[in-house]
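Structure first, commentary second.
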Amino acid sequence: MPAAAHFLGLELASDALRAIVLDDALDAVASEAVEFDQSGDQLAPVEIWVTALDVLLENLSQKCDLGRVKAISGSAHNATVLWSTESAVHLANLSPLRPLNAQLTFPTTPSPGVARATGAGAFLASLFLGRWSAASEAEALWRSDVTGEVERFGGRVLGTVSPYFVAKYGFDKDAFLIPFIPTPLASYLAHVPAPGDAVLAFGHSDFLLLSATPNMNFEAAKAEVWPHPALEVSEPRRSVVVLSSRNADVPRALVRDMYTKSWSAFDRLVAVVPPGGSIGLDDKLFAFWLLQGEGHVKGIFRFETGVKVGEFRDLRANPRCLLESQILSMRVRLGRLVATSPLDLHDSSHLPRRILAVGAAAAFPSIVNLVGDAFNAEVLVSDTLLEGARRAVDGGWFAATAASALSPGGAGPGVTVAEGAGLALSGGSGATGSAYLARWAWRRLVRPDEAGGTFESEVRATLSRRVRLQRPGGGLVRTRSHLVPDDDFPGGQNIGGADGVNGAGGSGTAAFVPITSLATSELDSAIGFARVAEPDQDAFAMYAAQAVEWTRLEGLLARALV
């Protein structure tokens, strides 16, 4: 009997390269992550990625038999890679006796010697193929500066793995690759959203993704539309709508460093400050951190009782007002996308009934509760994110005091925390979604008689068949969803650290208490999700009123009237 098939999913993020190997039942066989050094003098990013790939596969090959991998897919963040004219020859003649970084070089600026530009996903696929890879349609839409071929069918086989990886790491010579996709889209696939769900991914940039439906107003919402990457050729075309907020973690990090001393203090401050920064109904505070520039406007803008101010009278309002502004921005844009005209921000009938949250910020009770209130929706996370949050607390990640972003990657240069603490919260869902995609493509090629239904229905059915045992006294014990690679959880070292409020009138040493699971349906529990926040109609009405004023102020800023 042939060995059971395995599937490799990769995720090239700004902070790490991650991989997970799943079996046909979608259980994790092995996982690995290589963090990038973000401090001091370092190689160019592309050279770091190439070096990391050899390290990652060497470590992964010690944990599982890569010869059983039958299909490979991956995801990557938003970046462009330049290929020199001679790179095609170098890719085709890689020697397994030498590391990749000793055989490949990459231009850093456009020049006559540059043959093409690809997204980071197509770059990673090219390394595995041993030749330039076509970009997925979604990546080509995301990166308008890419050149070369575009593959419009997500399940199409790009080719088989390069002899370099066969000889060096024992891959099956017939293992094939399918197009690599943007990480937000892979995270969307990893969470297999049902109708009425949206995926909210917190990170370096924040993304809200949901299935496209007729009559959506993409232009009004400033939305991108990406093709669903897991469709049969004969299946009706489906698309995923993407609302993004670039560099959303930067203002979160700045506010954290300016007004608190740790993420635990940040969370506690958001929780104790009233919604809108004030207990009054008509004197809410608003903050706009437009660090990237919106139109002709760039800077930090605060409003108190409708008047622009340099700083809030109560400094403690800053963390909450920042988060409210970021989440209300998504809420208003989603309303513009789905609502009938004129926009009624008090109407929740067109909004997702559930938000599937991922990323470090989703471990904060104050944030998931705010999301649930603003969208009038249940908020769910993977059970492995719950476990990752607990271990990140043990590892000192939340208590680290150096400047850092509320996103994958840990506490930043110069701070010693338990190894992998940041990765425990970074999600790994891009790798998982990519592995799901690789399995889906393989089954349609090798076992077409077993294929049926949509990608989401097939994955959900597979996950729900996992063995579930009864705890003594009742209750389900669910298997892990593996949306976070197990090996990336931090250890039990308790680093501790300062935990107070800087310049905001408070202090304390209370430990951070991450999200905890609420009562969750058996179906969601079986596929590895836990409910962590629930809708509140009164809170939604309050935030709808705030959203009306937020929209008015946003309009004034957009027209440079304040």
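Just so you know, these numbers come straight off a predicted model, no measurement behind them.
Without hydrogens or angle criteria, Arg531 side chain to Val379 main chain gives no donor-acceptor distance under 3.5 Å. Not one N or O on the side chain of His191 forms a donor-acceptor pair closer than 3.5 Å with the backbone of Pro193. Judged by distance alone, with hydrogens and angles left aside, the side-chain atoms of Glu11 form a donor-acceptor pair with the main-chain N or O of Gly430 at under 3.5 Å. Remark: the backbone N or O of Ala194 is paired with a side-chain donor or acceptor of Asp197 at under 3.5 angstrom. Without hydrogens or angle criteria, Gln103 side chain to Ser95 main chain gives a donor-acceptor distance under 3.5 Å. With Ser136 contributing its side chain and Phe180 its backbone, the two residues share a donor-acceptor pair below 3.5 Å. Remark: side-chain polar atoms of Ser464 are not paired, donor with acceptor, to backbone N or O of Ala526 under 3.5 angstrom. Within the 3.5 Å criterion, the main-chain N or O of Leu100 finds a donor-acceptor partner in the side chain of Asp54. With hydrogens and angles disregarded, a donor-acceptor distance shorter than 3.5 Å links the side chain of Asp23 to the backbone of Leu26.
Here the closest heavy-atom approach between residue Leu158 and residue Ser133 is recorded as CD1-OG, 3.5 Å. Closest approach of Ala120 and Leu12 over heavy atoms only: CB-CD2, 4.0 Å. Taking every heavy atom of both residues into account, Arg252 and Trp263 meet most closely at O-CH2, 3.5 Å. Nearest heavy atom pair, residue Ala138 against residue Leu185, reads CB-CD2, 3.8 Å. Scanning both residues, Pro107 and Leu82, for their nearest heavy atoms gives CD-O, 3.4 Å. Smallest separation of non-hydrogen atoms from Pro184 and Leu209: O-CD2, 3.6 Å.
With hydrogens and angles left out, the side-chain atoms of Arg116 and Thr147 include no donor and acceptor closer than 3.5 Å. Side-chain N/O atoms of Thr432 and Ser429 include no donor and acceptor closer than 3.5 Å.
Proximity of Ser244 to Ser205: side-chain heavy atoms (C-beta onward) are nowhere separated by under 4.5 Å. Looking only at side-chain heavy atoms (C-beta outward), Val146 and Phe123 stay at 4.5 Å or farther from each other. Side-chain contact check for Phe176 versus Leu445: some heavy-atom pair is nearer than 4.5 Å. Side-chain contact check for Leu291 versus Leu254: some heavy-atom pair is nearer than 4.5 Å. Here the side chains of Ile20 and Leu22 are in contact, with some heavy-atom distance below 4.5 Å. Looking at heavy atoms from C-beta onward, Glu151 lies out of side-chain contact with Glu139 at the 4.5 angstrom threshold. Leu17 is not listed as a side-chain neighbour of Trp49, based on a closest heavy-atom distance of 4.5 Å or more. Val21 is listed as a side-chain neighbour of Leu60, based on a closest heavy-atom distance under 4.5 Å.
Relative orientation of the Phe128 and Phe171 rings is perpendicular, given thresholds of 30° and 60° on the angle between their planes. Between Phe364 and Phe512, the ring planes lie tilted relative to each other; the angle falls in the 30° to 60° range. Taking the six-membered ring for Trp and thresholds of 30 and 60 degrees, Tyr164 and Tyr169 have ring planes more than 60 degrees apart, a perpendicular arrangement.
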- Are Trp132 and Ser87 close enough, and set up right, to give a side chain to side chain donor-acceptor pair (under 3.5 Å), and what steps lead you there? CA-CA 9 Å; Trp132 291 334; Ser87 63; 3.2 Å; yes
- For Leu356 and Val381, run side chain to side chain contact (heavy atoms under 4.5 Å, CB included): C-alpha distance rounded to whole Å, both residues' side-chain angles, the deciding distance at 0.1 Å, then the answer. CA-CA 6 Å; Leu356 309 177; Val381 301; over 6 Å; no
- Any chance you could lay out the side chain to side chain donor-acceptor pair (under 3.5 Å) test for Thr462 and Arg439, step after step, and finish with the verdict? CA-CA 11 Å; Thr462 302; Arg439 175 201 184 251; 3.2 Å; yes
- Message: Go through it in stages, so that I can follow the logic: the residues are Leu129 and Leu177, the test is side chain to side chain contact (heavy atoms under 4.5 Å, CB included), and I'd like the CA-CA distance, side-chain angles, deciding distance and then a yes or no.
- Response: CA-CA 8 Å; Leu129 287 172; Leu177 287 89; 3.8 Å; yes
- Test log, rule salt bridge (Lys or Arg N to Asp or Glu O under 4.0 Å), inputs Arg391 and Glu387: CA-CA 6 Å; Arg391 297 199 182 190; Glu387 177 68 7; 2.8 Å; yes
- Message: Apply side chain to side chain contact (heavy atoms under 4.5 Å, CB included) to residues Val371 and Leu200 and explain how you reach the verdict.
- Response: CA-CA 9 Å; Val371 170; Leu200 179 55; 4.0 Å; yes
- Stepwise side chain to side chain contact (heavy atoms under 4.5 Å, CB included) check, Val532 with Leu386: CA-CA 9 Å; Val532 293; Leu386 284 174; 4.1 Å; yes
- Step by step, work out the side chain to side chain donor-acceptor pair (under 3.5 Å) result for Asn101 and Thr51. CA-CA 6 Å; Asn101 66 346; Thr51 302; 3.1 Å; yes
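In this structure, the separation between OG1 on Thr105 and CD on Glu86 is 6.0 Å, given to the nearest 0.5 Å. In this structure, Leu243 CG and Leu210 CG are separated by 7.0 Å, a value rounded to the nearest 0.5 Å. Atom CZ of residue Phe202 and atom OG of residue Ser245 lie 10.5 Å apart, to the nearest 0.5 angstrom.
Lys63 has a carboxylate O that lies under 4.0 Å from a charged side-chain N of Glu32, or vice versa, which qualifies the two as a salt bridge. The pair Arg18-Asp15 meets the salt-bridge criterion, since a charged nitrogen lies less than 4.0 angstrom from a carboxylate oxygen. For the pair Glu137 and Arg156, the salt-bridge criterion is not met [side-chain N within less than 4.0 Å of a carboxylate O].
Here the options are Arg447, Lys70, Arg465, the test is salt bridge (charged side-chain N to carboxylate O under 4.0 Å, His left out), and the partner is Asp24; only Arg447 passes. Considering Ile181, Leu141, Val241 in turn, Leu141 is the only one that fulfils the side chain to side chain contact (heavy atoms under 4.5 Å, CB included) rule with Trp226.
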